[in-house]
Amino acid sequence: MNEDELLELAYQSIEAIFEKKEINITPYEKFNEKKGAFITIKKKNNLRGCIGVIATNQPLYITIRDMAISAAFHDSRFRPLAKDEFEKIKISISILSIPKKIKEIQEITLGLHGVILKKGTKQAVFLPEVAIEQQWDLKQFLENLAVKARLSKEDWKQAELYIFSTKKVN
C-alpha cells in the first residue's frame with residue numbers, strides 16, 4: 001500500500017470543508033487497519049495544528065480524514081485554518097504502533113519513542129520528534145509532558161508511562 005495516498009486524503013479532507021463538498025473515500029478503504037494516528041499541520045515550518053488519537057476502533061482512512069479536519073479547524077491552540085492559508089500548509093501523518101507500558105524511563109529512546117503519560121484522570125502525549133525538535137533531554141521531555149497534562153513537572157515520576165513508535169508519512 002502507498003501511504004502517500006493517506007496524505008492526499010488528509011489534504012482533500014481539509015479542502016472539502018472549504019469547498020463545501022463531499023470527497024470520495026472509496027479509494028482509501030484499503031487502509032482499514034485500526035491504528036491511532038496524528039495529523040500535524042505546519043505553515044512556514046511552524047506548528048499550525050496537531051490532533052490525533054492514540055487508539056481507535058475506526059479504520060485508518062476514517063481516522064486520517066477526521067484528524068485532518070480536527071487539526072485544521074479544531075485545535076484549541078490555534079484559530080481555524082483560513083482558506084487562503086491552505087496552499088501554504090504542509091501536512092504530516094504519524095501512524096502509531098500499539099502503546100506499551102514501561103517500568104523504567106530508560107526504556108524510552110528519544111527521537112524513536114513517543115510517550116503517553118497517565119496520572120489519575122490526566123493524560124498527555126508527545127510524538128517521538130518533539131524531544132528532538134525542542135532539544136530536550138529525557139528529564140525535560142517528561143517534565144514538559146507532565147505540564148502538558150496539567151500536572152506539576154515532577155508528577156511524571158508517579159505517572160504511568162507508555163511508549164510507542166510512529167510511521168511518518170509526509
Side-chain angles (χ1 to χ4, degrees), residues 3 6-7 9-10 13-14 31-81 89-170:
E3 276 95 4
L6 291 172
L7 266 181
L9 172 62
S13 299
I14 295 168
F31 298 100
N32 58 7
E33 56 272 285
K34 292 171 174 56
K35 291 186 173 181
F38 277 74
I39 301 290
T40 302
I41 299 174
K42 290 190 174 181
K43 180 180 161 192
K44 295 182 182 174
N45 232 11
N46 293 314
L47 185 64
R48 185 61 181 80
C50 183
I51 291 188
V53 293
I54 296 163
T56 180
N57 288 323
Q58 297 276 20
L60 184 58
Y61 72 97
I62 297 293
T63 299
I64 298 298
R65 180 197 65 191
D66 293 351
M67 294 305 106
I69 291 167
S70 292
F73 303 106
H74 305 294
D75 187 327
S76 61
R77 299 169 292 178
F78 304 95
R79 60 179 166 54
L81 192 70
I89 64 169
K90 182 171 179 356
I91 296 174
S92 63
I93 300 171
S94 299
I95 302 170
L96 279 58
S97 68
I98 296 169
K100 173 189 150 210
K101 188 173 181 177
I102 61 169
K103 292 181 171 71
E104 299 181 15
I105 63 169
Q106 291 76 16
E107 295 179 65
I108 301 169
T109 302
L110 292 178
L112 175 65
H113 293 126
V115 177
I116 304 159
L117 176 145
K118 292 181 182 181
K119 184 171 184 206
T121 59
K122 308 275 178 99
Q123 176 175 310
V125 62
F126 277 147
L127 294 172
E129 61 268 20
V130 172
I132 305 305
E133 290 172 353
Q134 299 298 320
Q135 300 179 342
W136 289 334
D137 62 25
L138 183 55
K139 185 173 182 248
Q140 291 169 317
F141 183 68
L142 294 170
E143 287 174 347
N144 281 284
L145 187 56
V147 169
K148 184 179 181 187
R150 295 190 173 97
L151 297 164
S152 79
K153 70 180 189 175
E154 298 296 318
D155 278 340
W156 65 265
K157 295 173 183 175
Q158 293 84 36
E160 292 179 25
L161 298 173
Y162 299 79
I163 57 173
F164 61 89
S165 59
T166 60
K167 180 171 188 174
K168 294 289 282 184
V169 183
N170 44 355

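Fair warning: this is a prediction, and the values are worked out from it, not measured in the lab.
Atom CG of Leu112 sits in a crowded spot, with more than 12 heavy atoms from other residues, nucleotides or ligands closer than 6.0 Å.
With values rounded to the nearest 0.5 angstrom, Lys43 atom NZ is found 14.0 Å from Ile91 atom CD1.
Of the possible donor and acceptor atoms, one in the side chain of Asp75 sits under 3.5 Å from a partner among the backbone N and O of Cys50. Using a distance-only test at 3.5 Å, with no hydrogens or angles considered, no donor-acceptor pair links the side chain of Lys90 to the main chain of Asn45. Remark: the backbone N or O of Ser165 is paired with a side-chain donor or acceptor of Ser97 at under 3.5 angstrom.
In terms of heavy atoms, Ile14 sits closest to Leu81 at CG2-CD2, 3.9 Å. Between Ile108 and Ile163 the shortest heavy-atom distance is CG1-CG2, 3.7 Å.
Legend: ring-ring contact (aromatic ring centres under 6.0 Å, His included) pairs involving residues 34-80, not counting sequence neighbours, sorted by first then second residue: Phe18-Phe73. Listed by first and then second residue, the ring-ring contact (aromatic ring centres under 6.0 Å, His included) pairs that reach into residues 142-162 come to none, sequence neighbours excluded. For residues 117-128, the salt bridge (Lys or Arg N to Asp or Glu O under 4.0 Å) pairs, not counting sequence neighbours, are Lys119-Asp155.
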Subject >> Verdict with supporting geometry, Lys35 and Glu3, salt bridge (charged side-chain N to carboxylate O under 4.0 Å, His left out) >> reply: CA-CA 13 Å; Lys35 291 186 173 181; Glu3 276 95 4; over 6 Å; no
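Taking a cutoff of 4.0 Å between a charged side-chain nitrogen and a carboxylate oxygen, Glu107 and Lys103 do not qualify as a salt bridge. We find that Asp137 and Lys139 are not joined by a salt bridge, their nearest charged nitrogen and carboxylate oxygen being 4.0 Å or further apart.
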